[in-house]
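In what follows, every heavy atom counts, from backbone to side chain, and hydrogens, waters and symmetry copies are set aside.
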Amino acid sequence: EKKRVYYNQLLIDLNNQVHKDGRWVESSDESRVRKRLSRTIVRMYKELGPVVAEDIFYRAYDKCWYTNFTQERSRQS
C-alpha cells in the first residue's frame with residue numbers, strides 16, 4: 001500500500017501535476033518541483049528504507065521518462 005502511494009506521488013511530482021477542478025493537470029510553475037520531490041523522497045526513505053525507496057524512485061522515474069519520450073516521438077511522427 002505505502003509503496004503504491006509513494007510511487008503515484010513520485011509520478012505526480014515528476015510530472016509537475018497539481019489537483020485542479022477535481023483532476024490532476026500539469027502545472028506551468030516549475031519552481032516547486034525540487035521541493036516536492038525532496039519532500040516525497042525523504043519521507044519515503046524514512047518510512048520504507050533505502051532499498052525499497054530507491055526501487056520505487058527508479059521505477060517511477062523510468063515510467064515518467066518512457067511516457068514523456070514516447071509522447072514526444074508520437075508528436076514528431
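Hydrophobic clustering (ILVMFWY, side-chain heavy atoms < 4.5 Å, transitive): Leu11 and Tyr58 are in one cluster.
A donor-acceptor contact under 3.5 angstrom links the side chains of Asp29 and Ser31, judged on distance only.
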Requested in this report: Apply side-chain contact (heavy atoms from CB on, under 4.5 Å) to His19 and Ile12, showing your working.
Outcome: CA-CA 10 Å; His19 199 256; Ile12 289 168; over 6 Å; no
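Within 6.0 Å of atom CZ in Arg39, more than 12 heavy atoms from other residues, nucleotides or ligands are found, so the atom counts as buried in its surroundings. For Arg59, the CZ atom is densely surrounded, since the number of other residues' heavy atoms within 6.0 Å is greater than 12.
Of all heavy-atom pairs between Cys64 and Asn15, the closest is SG-OD1, 3.3 Å.
Judged purely by atom type and a 3.5 angstrom limit, Ser38 has no side-chain atom pairing as donor or acceptor with the backbone of Arg34. Asn16 places a side-chain N or O within donor-acceptor distance of the main-chain N or O of Ser27, the cut-off being under 3.5 Å.
Looking at Asp13 and Val33, their side chains never come closer than 4.5 Å, going by heavy atoms from C-beta outward. Side chains of Val52 and Met44 form no contact here, defined as non-hydrogen atoms less than 4.5 Å apart. Within the 4.5 Å cutoff, no side-chain heavy atoms of Val25 are placed close to those of Gln17.
A distance of 9.5 Å separates CG of Leu14 from CZ of Arg36, quoted to the nearest 0.5 Å.
Exactly one residue among Ile41, Thr40, Ile56 makes a side chain to side chain contact (heavy atoms under 4.5 Å, CB included) with Gln9. That residue is Thr40.
Figure legend: Arg43 and Tyr6 shown without cation-pi pairing, the cationic atom not lying both under 6.0 angstrom from the six-membered ring centre and within 45 degrees of its axis.
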